[in-house]
Amino acid sequence: MRKSDELLYDSEASLRLVDRAIHELKRSMADTGEHEWVVLDDSVTEPGGFARADGLRQLDARLRDVSATTETATTDILDCVSRAVALVERLGTAADAERDAVLAALDNELALVTTRLQFQDITAQELGRIAGVLAAMRVGATPRALTALPEPQRDAQAFADRVFGQSPARKTA
Amino acid sequence: MRFLVVDDSTTMRRIMINALQRIGYHDAIEASNGQEALARLDATVGCIITDWNMPEMSGLELAQSVRETPAGRRVPILMVTTRGAREDILAAIDAGVNGYLVKPFTPSVLKEKIDRIFSGAGAAA
């Protein structure tokens, strides 16, 4: 037998041994209900596995977005607080003519803080969706679960305004 | 005008009521889910502002249920949500929702949506 044939034979034999070991592991894990390992195993051995691995990468990206949103909102809030503190200090020395303008600016900063605090709800909902998809993947190991995680649509408000602006009365009569 | 603010998040209910106050609306009652909202809905409520994603009864299901009640047949409903997919927006229309506000929003955008509903530009016109 040529060296290349020997190498090919050895490689194939090794792969068969690995495959058998994985299937043994799968069976024992399935018996004990440890599905997490089955999912990881499936991601490299079954046809849908690559889609699942891609799905996990998408989830990873979405989690990074959540983290970035949180950081941006927190920074914005800290900026608002810094500006508000400066305005309060200015209020102490402001002339009467200037006070109304300073108060209006202060009011604006407080409104901005309230608006930015919506990040808590937005990120909580996104994390809830991600957790739902992960749970579905863990038990069912199907990439179809990813359809539960729709991509955010950037022009959603403009589209909604157009649609609602055009809609006739439906169920309010 | 009295608003019924429906959201399972206490934070968001506070943010919404704060935003309403900033644009001049000081009468708001709250509900933390759809069932509670239906129980609180009466003829004094002039507008319902609801979140979409809530446990037990979603904002969409709430809108459908509201339209089945005598007190809710004509009351305007503003959906405030993170869901921005086109099919969601169309589903909201079909459920009888009159306005759609994507989070995050500012008090001025909220005012714009409320004005739009009551000026007749929304679906309830």
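Remember, predicted model here, so these are calculated numbers, not experimental data. Just so it is clear: chains get the letters A, B, ... in the order the sequence lines come, proteins before strands, and each one is counted from 1.
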CD/B/Glu30 to CD/B/Glu36 distance, rounded to the nearest 0.5 angstrom?
-> 9.0 Å

Part of B/Leu101 lying under 4.5 Å from any heavy atom of chain A = both

Crowding at CD, B/Gln21 (>12 non-hydrogen neighbours, <6.0 Å) | yes

With the side chain counted from C-beta on, respond yes when B/Val66 and B/Leu62 share a heavy-atom pair under 4.5 Å apart, and no when they do not.
-> yes

Could you tell me which residues in residues 47-59 of chain B have at least one non-hydrogen atom under 4.5 Å from a non-hydrogen atom of chain A, sorted by residue number?
-> B/Asp51, B/Asn53

Within the distance-only criterion (no hydrogens, no angle test), does the side chain of A/Gln157 pair as donor or acceptor with the backbone N or O of B/Val102 below 3.5 angstrom?
-> yes

To the nearest 0.5 Å, tell me how far B/Arg2 CZ sits from B/His26 NE2.
-> 14.5 Å

Is A/Gln118 reaching over with its side chain to a backbone N or O of B/Phe105, donor-acceptor style, under 3.5 angstrom?
-> yes

Test log, rule side-chain hydrogen bond (donor to acceptor under 3.5 Å, both in side chains), inputs A/Arg62 and A/Ser67 | CA-CA 9 Å; A/Arg62 296 290 281 258; A/Ser67 178; over 6 Å; no

Give a yes or no on whether the backbone of B/Val75 and the side-chain of B/Arg67 come within a donor-acceptor separation of less than 3.5 Å.
-> yes

Taking only heavy atoms into account, what residues of residues 74-112 of chain A are found under 4.5 Å from chain B?
-> A/Asp107, A/Asn108, A/Ala111

Interatomic distance, CZ@A/Phe164 vs NZ@B/Lys113, rounded to 0.5 Å, equals 10.5 Å

Mind checking the CD1-CZ spacing from B/Ile29 to B/Phe3? Nearest 0.5 Å is all I need.
-> 11.5 Å

Given B/Asp8, B/Thr81, B/Asn18, B/Asp7, the one with more heavy-atom pairs under 4.5 angstrom with chain A than any other is B/Asn18

